[in-house]
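Below: the structure, in structure tokens.
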Amino acid sequence: MPGNRYHARWVLPITSPPIRDGWVEIVDGLVTAIGASKSIGSFVSSSVDLSDAIIMPGVVNAHTHLELSGLRGSIPRAASMPEWVRAVMSARRSLSSPSGGRLSDAASECQGSGTVLVGDIANTLESLDTFLAESIEATLFHEFLGFDVEADEAETLIEPSARHIAERVNGRVQVRAAAHAPYSVSAELFRAIGRLAGPRSVHLAESEEEVEFLMSGQGPWRDILEERGRMSCEWVPPRVRPVDYLESVGWLREDTIVVHGVQLIDDEIDRLVEAGSTLVVCPRSNDWTGAGVAPIAKCYARGLRVAIGTDSLASAPDLNIFREMTEVRRLAPDVPASKILQSATIVGAQGLGRGRSHGAIEPGRRAALIRVELPTGISDVEEYLLSGIESTCIQWLEDIDVG
Ligand SMILES: [Zn+2]
């Protein structure tokens, strides 16, 4: 079947160095070849010159909650995470549905800013139909909460999710499960979710109050559980830090995605590295919720697999991963730009269980590629991509009219 060969000033395969004056050959939605301008083509019918542009894989937003899109701009910046969560809980009560009918808009916004795949956290499977109708791809994490959930109840609770996971839905949308956080999910519920097929996701080591709760059983998270009648009087605090806790419930695994990691200490980072887990950083959200600043530079330096997420529109101004990368660059100025780009592509795709098809330009992979406009005079294209690329400068290759 004939295809197209797209030429551009730069091609970023991600898993190998950038190619100046490169091209990508696409046949039937798959990359069939990649090379530099002088290489000879094969059976390609049209050649498309994108000139001053960068061709790269669509980016991966490894952690968001599109379901909370109705809360955009309505939750003020908070001094602490529990304070922010209280504001979200009260705002959610005033909405008939948390997404406020904005799910499709949010999915389009992701796609418009070059995102091919999202790791989306959903408290209900309501968004499944939206994803099935949109062209964006998703690993949809059905998220569970319940600090007072016991073993039997846990199995019943996760049953619908287990059914969807077994059905796999379709190639573009996969359902998986998530535990909200150690202060909102019982150990029994963690274990039950952990028995389902991975990847699995959890907010971990986000706030200092979470560490306080695990270590002493006290603090603002306990207050919130008590107010909501979810605190069991028999519960004994584990008196361990977050990564120890993760291990105790059987979640310290290669196919576990831990989100935020603001409070991680060196030893915890090393243990996540050893386990092969993926950390998703969402630095703009951490700033807005009052959680603090994640040790991102240190995580890269110690060899942790770092992916990038925007988190929800309740704590981030937009769903543009390129803008999130700008914040990662600011917090980790010495990390090579290529590593940060890998975080936003292949590492995110691998974390979401799609590392074979997404996140890089290689023969045999999905050709979900974007063209990013390249202004004149840019000498370092990788660094340029961290400067906060706006959606107006991004176009999907498949949307380009090749005549
Ligand atoms: Zn989140």
Side-chain angles (χ1 to χ4, degrees), residues 61-113 115 118-127 130-131 136 138-145 178-181 183-185 201-210 220-221 224 227-228 257-262 280-294 307-324 326-328 391:
N61 187 346
H63 181 79
T64 185
H65 306 240
L66 297 189
E67 188 176 82
L68 297 181
S69 298
L71 297 176
R72 180 175 219 154
S74 64
I75 312 293
R77 184 196 207 99
S80 78
M81 239 222 111
E83 185 189 303
W84 183 83
V85 165
R86 282 182 188 280
V88 171
M89 290 190 303
S90 99
R92 279 186 86 153
R93 278 194 288 272
S94 64
L95 284 174
S96 55
S97 113
S99 67
R102 303 274 175 78
L103 262 170
S104 292
D105 292 349
S108 306
E109 183 177 335
C110 288
Q111 225 181 354
S113 54
T115 302
V118 294
D120 188 47
I121 309 287
N123 292 126
T124 69
L125 288 172
E126 213 179 288
S127 49
T130 306
F131 279 116
I136 194 156
T139 296
L140 187 64
F141 292 102
H142 189 190
E143 182 187 64
F144 295 94
L145 287 102
H180 176 258
Y183 54 84
S184 55
V185 172
S201 173
V202 60
H203 297 103
L204 194 84
E206 184 172 6
S207 62
E208 58 190 27
E209 293 83 357
E210 174 187 330
W221 293 126
I224 290 176
E227 284 163 32
R228 296 171 71 83
I257 297 174
V258 303
V259 182
H260 297 305
V262 177
V280 182
V281 295
C282 312
R284 294 186 303 171
S285 169
N286 300 151
D287 177 57
W288 195 258
T289 61
V293 180
I308 301 176
T310 57
D311 214 346
S312 78
L313 287 171
S315 59
D318 56 61
L319 299 166
N320 183 344
I321 280 293
F322 285 93
R323 293 181 124 201
E324 202 70 45
T326 306
E327 185 62 3
V328 172
S391 50

If you look at every heavy atom in Y183 and M81, which pair is closest and at what distance?
OH-CE, 4.2 Å

Can you tell me how far the CD1 atom of I257 sits from the OG1 atom of T139, to the nearest 0.5 Å?
7.5 Å

Within the distance-only criterion (no hydrogens, no angle test), does the side chain of E67 pair as donor or acceptor with the backbone N or O of N123 below 3.5 angstrom?
yes

Going by side chain to side chain contact (heavy atoms under 4.5 Å, CB included), name the residues that satisfy it together with S113, two or more places apart in sequence or in a different chain.
T115, N320, S391

In terms of the angle between their ring planes, are H63 and H203 parallel, tilted or perpendicular, with boundaries placed at 30° and 60°?
perpendicular

Determine the minimum heavy-atom distance between G119 and F141, stating which atoms define it.
CA-CE1, 4.1 Å

Scanning both residues in full, the closest heavy-atom pair of C282 with V259 reads SG-CG1, 4.1 Å

For S69 and D105: C-alpha separation, side-chain torsions, deciding distance, then whether side chain to side chain contact (heavy atoms under 4.5 Å, CB included) applies.
CA-CA 9 Å; S69 298; D105 292 349; over 6 Å; no

Work out which heavy atom in R323 is nearest to a heavy atom in D318; give both atom names and the distance.
NH1-OD2, 2.7 Å

Heavy-atom pair of closest approach, residues S285 and T310
CB-O, 4.2 Å

Sequence neighbours excluded, the answer for side chain to side chain contact (heavy atoms under 4.5 Å, CB included) partners of V88 is L71, I75, W84, R92

Measure across S104 and T130 and return the closest heavy-atom pair with its distance rounded to 0.1 Å.
OG-CG2, 3.7 Å

Interatomic distance, N61 atom CG to Q111 atom CD [nearest 0.5 angstrom]:
13.0 Å

With side chain to side chain contact (heavy atoms under 4.5 Å, CB included) as the criterion, how do E210 and H260 come out once you've worked through the C-alpha distance, each side chain's angles and the decisive distance to 0.1 Å?
CA-CA 12 Å; E210 174 187 330; H260 297 305; over 6 Å; no

Is it true that a side-chain atom of R72 and a backbone atom of A314 form a donor plus acceptor pair closer than 3.5 Å?
no

How long is the span from the CG atom in L103 to the OG atom in S108, to the nearest 0.5 Å?
10.5 Å

Name all pairs fulfilling the salt bridge (Lys or Arg N to Asp or Glu O under 4.0 Å) condition that reach into residues 73-83, sequence neighbours left out, sorted by first residue then second.
R77-D287

Flag, side chain of E324 to backbone of R284, donor-acceptor distance under 3.5 Å:
yes

Aromatic ring pairing F144/H142, orientation class (parallel under 30°, perpendicular over 60°, tilted between):
tilted

Donor-acceptor pair, distance only, cut-off 3.5 Å: does the side chain of E109 make one with the backbone of L319?
yes

How about F131 and L66: do any of their side-chain heavy atoms sit closer than 4.5 Å?
yes

Any donor-acceptor pair under 3.5 Å linking the side chain of T64 with the backbone of D311?
yes

